[in-house]
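Step one of this worksheet: look at the structure below.
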Protein chains: 2
Amino acid sequence: MENFAQRPEGPAGRPASIGRMPTVKRDTYTPDSLLSVAVRVFNERGYDGTSMEHLSKAAGISKSSIYHHVRGKEELLRRGISRALDGLFAVLEEVPAREGRAVERLEHVTRRTVEVLMAELPYVTLLLRVRGNTETELWAMSRRREFDQRVAELVKQAAAEGDLRSDVDARLATRLLFGMINSIAEWYRPDRVAHNGAAGGDSSASGGSNTSAEVAEAVVRTAFAGLRTS
Amino acid sequence: MENFAQRPEGPAGRPASIGRMPTVKRDTYTPDSLLSVAVRVFNERGYDGTSMEHLSKAAGISKSSIYHHVRGKEELLRRGISRALDGLFAVLEEVPAREGRAVERLEHVTRRTVEVLMAELPYVTLLLRVRGNTETELWAMSRRREFDQRVAELVKQAAAEGDLRSDVDARLATRLLFGMINSIAEWYRPDRVAHNGAAGGDSSASGGSNTSAEVAEAVVRTAFAGLRTS
DNA sequence: ATACTGCTACCGAACGATCGGTCGGTGCAA
DNA sequence: TTGCACCGACCGATCGTTCGGTAGCAGTAT
């Protein structure tokens, strides 16, 4: 009833029939290329609002063919969420997130989290919208909470070291910080510049700055100017 | 399969059979008292993830009885969203939102928006999660965009008057501000103190401050310290 | 008092449609 | 000739909604 779509495309969707290269993109779907289609539709219609029929139309293959690549709808959800979580947790392992003054580590994590969110936008968006209806979703929420708590500890530590203003509760500050960061998923669109969806504004250019590093810088500046002491 | 619930309760859910008082809370459901149950379930499971069976179980009446009070599932959504929008738009009509320096009006709107969000939490939460699958949802998104744009204009005006820092784009600043405000719906719980759901922290007391005015104050302080000049 | 009427708030059963998922294939390249 | 990518037809379950009731009560005529 609505938007159709051609076959995979992926990174340069050429038929790779020249020479037999098993690791290279094929003309048919792989679990991963199908996932990217599915996640896009999940984000457009919501996971519960997306039927396998919707997915098959968007992927350009029949409903039953989807089951050739993945076990079912919930596996697509799990795979998509996993990818987001992997990216986020990797940030915490980076050296600048583990060494130095807490407020500096917090700033690094903030900046990198924004960058990962924008780089893996559809997957992180999917993660952020999970409601907890199934076991998969409960697992996702639990993992996400784990990540949030790791950051919350950084905030507390930075506050204890006197680098964050003391008139705003550390937990509340963490929540507001995440609110800012996560809201990026509501309006940022990698191409075009953002057609909107959440916070105001018409659809003309957004000040020209739209690389992930630039947005990350603006978030860090805005948030930390509000949070830092003096 | 899960949580049951008794009848209405409402504001002091007594049988009002003494004397015949047409405007007073009855022992049975009204469209509004049913709405409050429905909106709660919508927020727990997501609108698409909520079946009429879920609603009937939560309300303690049969599925078919729901149709005695409302036209159907989508009317419940529309009513819930309307209530949220009414509260938000009313803020823009308040005198301090219409008179004075732009940055002061912006600050007032921010504070009051936070307060309305917390006072009408379930309804605003419902509004914030709409995806745009049906005509009702598209209407909700359009109205919400309208509200956001009104605030965005305030931000631009305040920036033009030199009261907001110039190194962060006005549109981006608006989006980050809304991100902060709207994220409250992810963790604030009117009773108990917030069991979490989004940003970090364990479930012990959140520094004691949890009245809507206090949270609003913290948001305004954090956001505006980051946004304001000097 | 009793019987009848009309109305409100509810119910169980069932509707066609759609849900996620299964099955037995088919065409085609290696 | 094997196996991969795909298909249409179909499964039981569940979806939102409709339908024909019915118990209980207020008002009224008897």
Side-chain angles (χ1 to χ4, degrees), chain A residues 1-2 5-8 10 13 15-22 25-35 37-38 41-42 45-78 133-137, chain B residues 1-2 5-8 10 13 15-22 24-34 37-38 41-42 45-78 133-137:
Chain A
M1 287 249 182
E2 39 214 46
Q6 310 85 322
R7 291 313 177 73
S17 31
I18 0 134
R20 187 76 168 106
M21 305 163 78
K25 195 81 187 153
R26 301 232 276 112
D27 196 17
T28 58
Y29 276 111
T30 64
D32 270 1
S33 67
L34 185 58
L35 177 65
V37 173
V41 183
F42 285 161
R45 317 184 55 98
Y47 176 73
D48 284 318
T50 302
S51 70
M52 295 305 278
E53 193 71 34
H54 290 136
L55 292 185
S56 84
K57 289 277 190 291
I61 60 176
S62 77
K63 209 171 51 141
S64 53
S65 296
I66 295 175
Y67 291 87
H68 179 71
H69 301 286
V70 293
R71 281 181 176 281
K73 194 186 176 187
E74 197 159 358
E75 176 169 320
L76 287 167
L77 179 65
R78 192 175 45 71
N133 292 341
T134 65
E135 284 221 2
T136 299
E137 300 190 26
Chain B
M1 284 239 185
E2 39 217 44
Q6 312 83 322
R7 290 313 178 76
S17 33
I18 358 134
R20 186 76 168 109
M21 306 162 78
V24 142
K25 194 80 188 155
R26 300 236 273 111
D27 196 16
T28 56
Y29 276 111
T30 63
D32 270 1
S33 67
L34 185 58
V37 174
V41 183
F42 285 160
R45 316 186 56 98
Y47 176 72
D48 285 318
T50 303
S51 69
M52 295 306 278
E53 192 72 34
H54 290 136
L55 292 184
S56 85
K57 289 278 190 291
I61 60 176
S62 76
K63 213 167 45 139
S64 53
S65 295
I66 295 175
Y67 291 86
H68 179 72
H69 301 286
V70 293
R71 283 183 174 278
K73 193 185 178 189
E74 197 159 356
E75 176 169 322
L76 288 166
L77 178 65
R78 190 175 46 71
N133 292 342
T134 66
E135 283 221 3
T136 299
E137 300 191 27

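All figures in this text were calculated on a predicted structure; none of them were measured in a lab. So you know, we letter chains A, B, ... as the sequences are listed, proteins then strands, and number each from 1.
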Original post:
Taking it one step at a time, do B/Lys57 and B/Glu53 satisfy salt bridge (charged side-chain N to carboxylate O under 4.0 Å, His left out)?
Top reply: CA-CA 6 Å; B/Lys57 289 278 190 291; B/Glu53 192 72 34; 3.0 Å; yes

Subject >> Nearest-Å distance for atom pair CZ/P, residues B/Arg45 and D/dT14 >> reply: 13 Å

**OP:** For DNA chain D, find the residues of residues 63-72 of chain A with a heavy-atom distance under 4.0 Å and give them by number; none if there aren't any.
**Re:** A/Ser64, A/Ser65, A/His68, A/His69

**OP:** Name the nucleic acid region contacted by B/Thr50, choosing base, sugar-phosphate or nothing; use a 4.0 angstrom heavy-atom cut-off, strictly under.
**Re:** sugar-phosphate

**OP:** Hey, could you give me the CG/OG1 distance between B/Asn133 and A/Thr50, rounded to the nearest 0.5 Å?
**Re:** 7.5 Å

Original post:
CG of B/Asp48 versus P of C/dG20: gap in Å, rounded?
Top reply: 11 Å

Original post:
Atom NZ of A/Lys73 and atom P of C/dG20: how far apart are they, to the nearest Å?
Top reply: 4 Å

Original post:
Taking CG from B/Asn133 and P from C/dC19, how many angstroms apart are they, rounded to a whole number?
Top reply: 12 Å

Subject >> Value in whole Å for how far the P atom of D/dG8 lies from CE of A/Met52 >> reply: 15 Å

**OP:** Determine, for A/Tyr47 and A/Lys73, whether the Lys NZ or Arg CZ falls below 6.0 Å from the six-membered ring centre while staying within 45 degrees of the axis.
**Re:** yes

Original post:
Using a cut-off of less than 4.0 Å, is there contact between a side-chain N or O of B/Thr28 and OP1 or OP2 of C/dA9?
Top reply: yes

Subject >> Pair B/Ser51-B/His54, side-chain donor/acceptor within less than 3.5 Å >> reply: yes

Subject >> side-chain N/O B/Ser51 vs D/dT14 OP1/OP2, d < 4.0 Å >> reply: no

Subject >> Backbone of A/Ala59 reached by a side-chain donor or acceptor of A/Tyr29 within 3.5 Å >> reply: yes

